[in-house]
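Starting from 1, each residue takes its place in the sequence as its number. All figures in this text were calculated on a predicted structure; none of them were measured in a lab. One-based numbering, in listed order, for ligands and for the atoms of each.
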Amino acid sequence: MLVLGVETSCDDTAAAVLQDGQKILANIVSSQDHVHSAYGGVVPELASRQHIKNVMPIVDGALRTAGATLKDLDGMAVTYGPGLVGSLLVGLSVVKGISFRSGIPYVGVNHLEAHLLAIHLEHEVSFPYIALLASGGHTLLYCVKGVGDYTHLGGTRDDAAGEAYDKVAKMMGLGYPGGRAIDKLAQTGSPNAIRFPRAKLKSSAYEFSFSGIKTAVWHYLKSHAEGESREPAADIAASFQEAIAEMLVRPTINAASANGVERIVLSGGVAANSRLRSKMKEDADAAGLAVFYPAPKFCTDNGAMIALAGYHWLKRGRRDDFRLNADADLTL
Ligand code: KG4
Ligand code: ZN
């Protein structure tokens, strides 16, 4: 079964072609970082306009790379939420249009579900597993028991982990998006230089909180002048990254142990973070748990994970009609 996946929920325009839910024939992502970096965050109106410009060339490019035409497709999958409504509408309208014109069936995909399943693009991981989904908009913990069978265990009380990365990067003048820039800078810094406060929440609740550390970094930068008492930027980045990794790892390991689940899966853009990956592995090894993480390009938004989630639903016979609307606040 050949499936086209289209993703336009935030600021990346992405399309992929996936064969039988396994073989990625094409996976193209067009980043809008250059459009939004001057503003330190995504400007929704500019994002929609960029998607309109990019979406058809990206879809055509994915088909061409896969050596396929629309006629070869058995189905299409497109993100219909959650995300920025103007951005979601672009991908959804394009896929509906193709479906209407050509008769190729399509399904709307929940972006969160696609992140939770992205691991299967590269690894064979048995169910159940505890999935940590850490991205720019979400920090969530799920027990994934199968496709369509997701138990919500917890999440952030305030900011998402990626949001904290992006806001701290902005404060440090590192541009947008900030996660990758902080990760790179932290490679040469000391994680023990500054002890930023870790939010202490009830371990049984599997909750996270990142607004406190964001404010702590802001206070640190405000009260320590550059070049005087302030530690080098690499040390600030490494110390911040260490604190975030600790705060993400502990509830995840607790959730796995308390629920008797032996496997942990990372997903979402923050799962590309080098320290989160190494710390999760160290602590999971110590607890006798296995950890799986996608390649960085499948952690951040991509069309392949949308095609994969859509493949499973198409295979089960689901078809969406043209009344499906974009849902900015879609939950899982
Ligand atoms: O999943 P994603 O591409 O988009 C959303 O669905 O939000 O995640 C984007 C987020 C951004 O906040 C970005 O700063 C963060 O993932 N990110 C990282 C890294 N790469 C991307 N955060 C920490 N370390 C990284 N290496
Ligand atoms: Zn995402």
- prompt: Any salt bridge between Lys214 and Asp159, counting N to O under 4.0 Å?
  reply: yes
message: According to side chain to side chain contact (heavy atoms under 4.5 Å, CB included), who are the partners of Ala199, at least two apart in sequence or on a separate chain?
response: Ser209, Met247
- prompt: In the protein, what heavy atom is nearest to atom 17 (N) of ligand 1, and what distance, to one decimal place, separates them?
  reply: Gly269 O, 3.5 Å
statement: So the atoms of ligand 1 within less than 4.0 Å of a heavy atom of Ser135 turn out to be 1 (O), 5 (C), 6 (O), 7 (O), 8 (O)
- prompt: Looking at Gly162, which atoms of ligand 1 are within less than 4.0 Å of one of its heavy atoms?
  reply: 12 (O)
message: Taking the ring of Phe196 and the ring of Phe240, is the distance between their centroids below 6.0 Å?
response: no
query: Which protein N, O or S atoms lie under 2.8 Å from the Zn ion (ligand 2)?
result: His111 NE2, His115 NE2, Asp301 OD1
- prompt: Looking only at heavy atoms, is any part of Asp301 under 4.0 Å from ligand 1, and if so is it the side chain, the backbone, or both, or is it neither?
  reply: both
- line: Under 4.0 Å from one or more heavy atoms of Thr300, ligand 1 contributes atoms 3 (O)
- request: Answer with yes or no whether His138 contacts ligand 1, where contact means a heavy atom under 4.0 Å from a ligand atom.
  value: no
message: Between Phe127 and His120, is the ring centroid distance below 6.0 Å?
response: yes
Nearest-neighbour protein heavy atom for atom 22 (N) of ligand 1, which is reported as residue plus atom name and distance: Gly179 CA, 3.3 Å
message: Main chain of Leu221, side chain of Arg230: is a donor-acceptor contact present, judged purely on distance under 3.5 Å?
response: yes
query: Which of the atoms in ligand 1, numbered in the order shown and given with their element, are less than 4.0 Å from a heavy-atom of His111?
result: 6 (O)
field: Enumerated ligand 1 atoms positioned under 4.0 Å from heavy atoms of Gly137
entry: 7 (O)
- prompt: Between Lys170 and Asp166, is there a salt bridge with N-O shorter than 4.0 Å?
  reply: no
field: Ile244: which of Val168, Val249, Ile213, Asn273 passes side-chain contact (heavy atoms from CB on, under 4.5 Å)
entry: Ile213
- request: Find all atoms of ligand 1 within a distance of less than 4.0 Å from any non-hydrogen atom belonging to His115, and give their numbers and elements.
  value: 1 (O), 6 (O)
With sequence neighbours excluded, residues passing ring-ring contact (aromatic ring centres under 6.0 Å, His included) with His123: none
- request: Under the side-chain hydrogen bond (donor to acceptor under 3.5 Å, both in side chains) rule, collect the residues that match up with Arg318, sequence neighbours excluded.
  value: Asp320
- prompt: Taking Asn110 as the fixed residue, which of Leu330, Leu116, Thr79 is the one that meets the side-chain contact (heavy atoms from CB on, under 4.5 Å) rule?
  reply: Leu330
- prompt: Between Glu242 and Arg275, is there a side-chain N and carboxylate O pair less than 4.0 Å apart?
  reply: yes
- request: Enumerate the atoms of ligand 1 whose separation from the nearest heavy atom of Asp166 is less than 4.0 angstrom.
  value: 11 (C), 12 (O), 13 (C), 14 (O)
- request: Run the salt-bridge test on Asp285 and Lys281 with the 4.0 Å N-O cut-off and return the result as yes or no.
  value: yes
statement: Between Leu25 and the options Leu2, Leu18, Thr65, the side-chain contact (heavy atoms from CB on, under 4.5 Å) test singles out Leu2
message: Is the contact between Asn273 and ligand 1 made by the side chain, the backbone, both, or neither, using heavy atoms and a 4.0 Å cut-off?
response: both
- prompt: Which atoms of ligand 1 have any heavy atom of Asp183 under 4.0 Å away?
  reply: 24 (N), 25 (C), 26 (N)
statement: atom 10 (C) of ligand 1 sits nearest the protein heavy atom Gly136 N, 3.5 Å
